[in-house]
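Every chain is numbered from 1 and lettered A, B, ... according to where its sequence line falls, protein lines coming before strand lines. All values derive from a computational prediction rather than experimental measurement.
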2 protein chains.
Amino acid sequence: MKRRSTLADIAAAAGVSLMTVSRAINSKPGVSDELRQSILALVEEMGYRPNQIARGLATHQTNSVGLIVPDNTNPFFAQIARGVEDGAYAREYSVFLVNTVENPTRELDALGSLWEKEVDGLIWCSARVALEELEFQLRRFPAVVLLNRELENPLSHVMTLNVHDVRGARMAVSHLLGQGCRHIAYLNGPLHSLSAQRRLQGYQSALTEAGLSVDPLLEQCCLPDTASGYDATLVLLNRRPDVDAILAFNDLVAVGAMQACQALGRSVPETVRIIGFDDIPLATIIEPQLTTLHVDLQHIGELAMQALLDIMEGVACPSAMLIEPELFVRDSA
Amino acid sequence: MKRRSTLADIAAAAGVSLMTVSRAINSKPGVSDELRQSILALVEEMGYRPNQIARGLATHQTNSVGLIVPDNTNPFFAQIARGVEDGAYAREYSVFLVNTVENPTRELDALGSLWEKEVDGLIWCSARVALEELEFQLRRFPAVVLLNRELENPLSHVMTLNVHDVRGARMAVSHLLGQGCRHIAYLNGPLHSLSAQRRLQGYQSALTEAGLSVDPLLEQCCLPDTASGYDATLVLLNRRPDVDAILAFNDLVAVGAMQACQALGRSVPETVRIIGFDDIPLATIIEPQLTTLHVDLQHIGELAMQALLDIMEGVACPSAMLIEPELFVRDSA
DNA sequence: TTGTACGCGTTATCAT
DNA sequence: ATGATAACGCGTACAA
């Protein structure tokens, strides 16, 4: 690996000063056209590329952002990450990806590490930290987009981006009620998850408004994966065999629920209707295809990145965005 | 966002020189114990964290690596990325994630961008560039782990990490032959994919060795996703209705094949046996569960990261690693 | 239009 | 054990 050429090398080769080369490269005024051409030719020839570390030190801009997710393996976050990365590429930014693995220590480590690296901005999904810690961290970064978390007091350099979970859950329940279901259960996600709380709230309020009572026995918590959804459904259906519909925290849980129903000989959607959330690719792969609340996750990722760039550039930007999920009725409900 | 404190701030507060603080922080010798203690206390109090950009400029080490994948949304690469990130976290490295989206331009852009950022190392999956370009790029980085690509002439700072695709495909074909199948088709992946070529080779050689002829009509190309697998299977079964087994390039394709069979009323595994490759989570979610060649992708990611660190630290390291897939017999074959 | 001096925050080197 | 000084590669501010 031979030494990288620097501005000084180019300047020497071109017989001009450092600054002239710098200006030529950054297409700034103050360089005659022919000189610029010959410099750029040299740059090409010598394979020069600006050293972003040095540039970062001088300008306090690194052209990189951090993306914190619980687990990039989860299709939900994978899609978002893809959108973020696409958006970053379009604007010549690089993305540091970090998984928290639902581990508070690792989450704080990630924040510290990103801060040390002087990222220009941060997209932070499902922040699991206490409010005080959250505010401390937000203060440290120049720009932040918070996904899946809300903020009482808006900060000018922070935008929150949330799915309208309450409305989504209500749409699902309405649909089930319309199909004649009267014993609708809810497989909730982790209690500390804001989405889980909001979806629960939507579920309960829809039932109440329909004149049905909210029955704690119809609510069952589980981790947001297929295996947990399966187990939770067995528990649920054992406790309340009269259940005729299940709203699941997300699609993975819904699929687990579907498998459990099949294992118990309860056909879907004939005896139990199932609705998921998020519309991950799996939703259309399994049989019967999953009715679910569709959210364009990749687009959300791109939106988040664009908003982040807007904040960084001082462009006016809303303090919060709310994404409306859409009920995609397929075969499971 | 208030100004970050710097070494100078700490030094001033402690009434010592910059270097003493630097030494204390980096736990280098040359600082008395009590002084070190009091400095570290100040560091804590003032919330000081070293600026990695400045440090990077001074040391030419950034404590960050690049990870290039075709698409982080593909479970195959998502698992690998997760392993890489876990490994990086364990050693206090950060990971730049880049998607190439099978786009050569974007792949080159990614390499350029990572080089500008002075990453200490690179994990490069499924490099799609020509040999000459590959060698040029490899020369630019201090350390590289190449996944899914081989190298004629080993380089001391590069390691290749491949799955033994040939052996995997042969195991699959053997298994199918043992089940009595005699018209085994192969749904190949993209032609430019090295894995696809190797799996094809394993498929063909296993047939030949069993005394069966290789029939081009039994080979069908498709993109490595479910929809393409579905379409390709329709084409294939239309052309050769006598097919009694399908080996798919990967699990996504296999699932598409399974759906196509079901759509055509051909039961799996009774009339058509199907085997996939990679064993992504989906393999055990669908019904019937997929028989497939299992590879521990997350572990591969960790291995890649560890090897990369070894290269970077000058630790002796093999020039190539070959991972053996294992046939997991489930319900589809 | 072009060039010079300096600073960004840190580490390496050489003194003390 | 501690400190002064010079890099690292670039951009900003100002001078020519």
Heavy-atom side-chain proximity of [X] to [Y] below 4.5 angstrom:
{"X": "B:Met321", "Y": "B:Leu303", "result": "yes"}
{"X": "A:Leu151", "Y": "A:Leu134", "result": "yes"}
{"X": "B:Met312", "Y": "B:Arg91", "result": "no"}

Atom-to-atom span, [atom1] of [X] to [atom2] of [N] - whole angstrom:
{"X": "B:Arg4", "N": "C:dG9", "atom1": "CZ", "atom2": "P", "value": "9 Å"}
{"X": "B:Asp9", "N": "C:dC8", "atom1": "CG", "atom2": "P", "value": "11 Å"}
{"X": "A:Gln52", "N": "D:dG11", "atom1": "CD", "atom2": "P", "value": "9 Å"}
{"X": "A:Lys117", "N": "C:dC8", "atom1": "NZ", "atom2": "C1'", "value": "19 Å"}
{"X": "B:Ile53", "N": "D:dC10", "atom1": "CD1", "atom2": "C1'", "value": "13 Å"}

Is a donor from one side chain sitting under 3.5 angstrom from an acceptor on the other, for [X] and [Y]?
{"X": "B:Asp9", "Y": "B:Tyr48", "answer": "no"}
{"X": "A:Glu133", "Y": "A:Gln137", "answer": "yes"}
{"X": "B:Asn63", "Y": "B:Glu92", "answer": "no"}
{"X": "B:Lys117", "Y": "A:Ser94", "answer": "yes"}

- Query: Once you build an axis from the first five pairs and another from the last five of the helix from C:dT1-D:dA16 to C:dT16-D:dA1, how far apart in angle are they, to 10 degrees?
  - Reply: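 Axis angle across the helix from C:dT1-D:dA16 to C:dT16-D:dA1, nearest 10°: 40°.
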
Please state whether the phosphate of [N], meaning OP1 or OP2, lies under 4.0 angstrom from any side-chain nitrogen or oxygen of [X].
{"X": "B:Arg55", "N": "C:dG9", "result": "no"}
{"X": "B:Asn51", "N": "C:dC8", "result": "no"}
{"X": "B:Lys28", "N": "C:dA12", "result": "yes"}

- Sugar-phosphate atoms are those with a prime plus P, OP1 and OP2; base atoms are the rest. Using that split, label each nucleotide of nucleotides 2-8 of chain D B, S or - for protein heavy atoms under 4.0 Å, 5' to 3'. BBB---B

- Query: Taking NZ, NE, NH1 and NH2 as the nitrogens, is one of them in A:Glu118 or B:Arg4 under 4.0 Å from a carboxylate oxygen of the other?
  - Reply: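 So A:Glu118 pairs with B:Arg4 through a salt bridge.
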
